[in-house]
Visitor: 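The following block contains the structure, expressed as structure tokens.
As the structure is a prediction and not an experimental result, all values here were calculated from the model.
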Amino acid sequence: MDAVKILMVDDEERMRKLVKDFLTIKGYRVLEAGDGEQAIDIFFKEKDISLVILDVMMPKMDGWETCKTIRRYSQVPIIMLTARSEERDELLGFELGVDEYITKPFSPKILVARIEAILRRGSSTSTGEILEADGIRVDKDAHEVTVDGRPVDLSNKEFELLTYFMENKGIALSREKILNNVWNYDYFGDARTIDTHVKKLRSKLGPKGDNIKTIWGMGYKLEVDG
């Protein structure tokens, strides 16, 4: 079986080599790009890249613009790297559809663990399971969502969040529980990470987005009629 391809985008050659060495040991094939423009060229040339690691601060085209360009055509998982830890940067990353957000300096072992968790979720065994409630339909295998028959385009994290809500409809879910189940690791950042995703998910679901109720001081609950 061909090795899983990961695109590592960073203008620091030392950082690219560090990450590549750790991932290569794990059996991944790592492609490198030193700026956003080169990353876009490689991404569309290769076509079968499974995950992108993307630095924010780069020449020619920064990480935000690179992410926007990729997201116009693909929902490939994206991990954003940044030397800045400002909250607005993190929220912007999630607004653009970033799957994970890691602040430099970071442990390469932690990065590898995050990558493996993302890829594991994306390649989980097919179940044929379809979740339906109140006009919302989630096909877990096809990774497709429709609302009253209308296709809805969700990012990976939005899809996982909606799936979790559908699997626990009618149950009040704390932010901590949502983070542990959807993000699949102990998250030490601000709870607004979830709030940002819920806001976008509600918007994409249209009128059905109102079914996601805020439980003040706790979290959220999906209320449906059927």
Visitor: Is it true that E223 and K221 make a salt bridge, defined as a side-chain N closer than 4.0 Å to a carboxylate O?
Guide: yes

Visitor: Just do the side-chain contact (heavy atoms from CB on, under 4.5 Å) check on D48 and K5 with the steps written out, would you?
Guide: CA-CA 7 Å; D48 58 349; K5 290 183 186 176; 2.9 Å; yes

Visitor: For V76, is there any backbone N or O sitting under 3.5 Å from a side-chain donor or acceptor partner on S74?
Guide: yes

Visitor: Let me confirm one number: the CD-CD1 distance from E65 to I40, rounded to the nearest 0.5 Å.
Guide: 10.0 Å

Visitor: Rounded to the nearest 0.5 Å, what's the gap from OH on Y164 to CG on L162? Could you check?
Guide: 13.5 Å

Visitor: Would you call D99 and R71 a salt bridge, using N to O less than 4.0 angstrom?
Guide: yes

Visitor: What's the shortest heavy-atom distance between E37 and M61, and which atoms?
Guide: N-CB, 3.9 Å

Visitor: Around atom NZ of K17, are there more than 12 heavy atoms of other residues, nucleotides or ligands at under 6.0 Å?
Guide: no

Visitor: Taking N168 for its side chain and I171 for its backbone only, find out whether a donor-acceptor pair lies under 3.5 Å.
Guide: no

Visitor: Side chains of Y101 and I79, heavy atoms from C-beta outward: is any pair under 4.5 Å?
Guide: no

Visitor: Hey, could you give me the CG/CG distance between L222 and L201, rounded to the nearest 0.5 Å?
Guide: 9.0 Å

Visitor: Under a 4.5 Å cut-off applied to non-hydrogen side-chain atoms, are K45 and D41 in contact?
Guide: no

Visitor: What I'd like to find out is whether the side chain of D35 reaches to under 4.5 Å of the side chain of D11, using heavy atoms alone.
Guide: no

Visitor: Report yes if some heavy atom in the side chain of Q75 is under 4.5 Å from a heavy atom in the side chain of S155; otherwise report no.
Guide: yes

Visitor: Going by the side-chain contact (heavy atoms from CB on, under 4.5 Å) test, name the single residue among V56, L54, V9 that passes it with C67.
Guide: L54

Visitor: Are V30 and I110 linked, directly or through intermediate hydrophobic residues, by side-chain heavy-atom contacts shorter than 4.5 Å (ILVMFWY only)?
Guide: no

Visitor: State which residues pass ring pair (Phe, Tyr, Trp, His ring centres under 6.0 Å) with F106; sequence neighbours excluded, sorted by chain then number.
Guide: none

Visitor: Among V52, I53, I118, which residue meets the side-chain contact (heavy atoms from CB on, under 4.5 Å) test with I78?
Guide: V52

Visitor: So for atom NZ, which belongs to K177, do other residues, nucleotides or ligands contribute more than 12 heavy atoms lying within a distance under 6.0 Å?
Guide: no

Visitor: Can a donor-acceptor pair be found, under 3.5 Å and without considering hydrogens, that links the side chain of T66 to the backbone of D62?
Guide: yes

Visitor: Could you tell me which non-hydrogen atom of M166 sits nearest to which non-hydrogen atom of I136, and how far apart they are?
Guide: CE-O, 3.5 Å

Visitor: When hydrophobic residues are tied together by side-chain contacts of less than 4.5 Å, even through go-betweens, does I215 share a cluster with I178?
Guide: no

Visitor: Measure centre to centre between the rings of F43 and Y73, then say whether the value is under 6.0 Å.
Guide: no

Visitor: With the side chain counted from C-beta on, respond yes when L131 and K140 share a heavy-atom pair under 4.5 Å apart, and no when they do not.
Guide: yes

Visitor: Does atom NZ of K199 have more than 12 heavy-atom neighbours, drawn from other residues, nucleotides or ligands, at distances under 6.0 Å?
Guide: no

Visitor: Any chance you could measure K20, atom NZ, to L18, atom CG, to the nearest 0.5 Å?
Guide: 13.0 Å

Visitor: List the atom of E32, the atom of I42, and the distance in Å for their closest heavy-atom pair.
Guide: O-CD1, 3.2 Å

Visitor: Could you tell me if the side chain of M8 sits less than 4.5 Å from the side chain of L31, heavy atoms only?
Guide: no

Visitor: If the threshold is 4.0 Å, N to carboxylate O, is there a salt bridge linking K208 and D134?
Guide: yes

Visitor: Among the clusters formed by ILVMFWY side chains lying less than 4.5 Å apart, do L161 and M218 turn up in the same one?
Guide: no

Visitor: Would a distance-only check, ignoring hydrogens and angles, find a side-chain to backbone donor-acceptor pair under 3.5 Å from Q38 to G34?
Guide: yes

Visitor: Check D210 with R202, please: is the shortest side-chain N to carboxylate O separation under 4.0 Å?
Guide: no

Visitor: Specify the closest pair of heavy atoms between D10 and R16, including all atoms of both residues, with the distance to one decimal.
Guide: O-NH1, 2.7 Å

Visitor: So which heavy atom on V224 is nearest to which on A133, and how close?
Guide: CG2-CB, 3.8 Å

Visitor: Please find the pair of heavy atoms, one from A3 and one from G27, that lie closest to each other, and give the distance.
Guide: CB-O, 3.5 Å

Visitor: What distance do L205 atom CG and N211 atom CG have between them, rounded to the nearest 0.5 Å?
Guide: 8.5 Å

Visitor: Please report the interatomic distance CD1(I49) to CZ(F44), rounded to the nearest 0.5 Å.
Guide: 9.5 Å

Visitor: When you look at F159 and V145, which way does the side-chain contact (heavy atoms from CB on, under 4.5 Å) test go after all the steps?
Guide: CA-CA 8 Å; F159 181 87; V145 173; 3.6 Å; yes

Visitor: Please assess D153 against K204 for the test salt bridge (charged side-chain N to carboxylate O under 4.0 Å, His left out), listing each intermediate value before the final yes or no.
Guide: CA-CA 8 Å; D153 186 26; K204 291 185 177 182; 5.8 Å; no

Visitor: So does E176 have more than 12 non-hydrogen atoms from other groups sitting under 6.0 Å from CD?
Guide: no

Visitor: Quick one: are Y28 and L51 in side-chain contact, heavy atoms under 4.5 Å?
Guide: no

Visitor: Going by heavy atoms in the side chains, are H197 and I194 under 4.5 Å from each other?
Guide: no

Visitor: Take Y220 and D195 through the side chain to side chain donor-acceptor pair (under 3.5 Å) test and state the conclusion after the steps.
Guide: CA-CA 9 Å; Y220 297 95; D195 299 339; 2.5 Å; yes

Visitor: Looking at K104 and D55, is there a salt bridge between them, counting it only when a charged N and a carboxylate O are closer than 4.0 Å?
Guide: yes

Visitor: side-chain contact (heavy atoms from CB on, under 4.5 Å) between W216 and T214: does it pass, once the steps are laid out?
Guide: CA-CA 6 Å; W216 296 109; T214 300; 3.8 Å; yes

Visitor: Would you check if the side chain of R137 reaches a backbone N or O of T146 as a donor-acceptor pair within less than 3.5 Å?
Guide: no

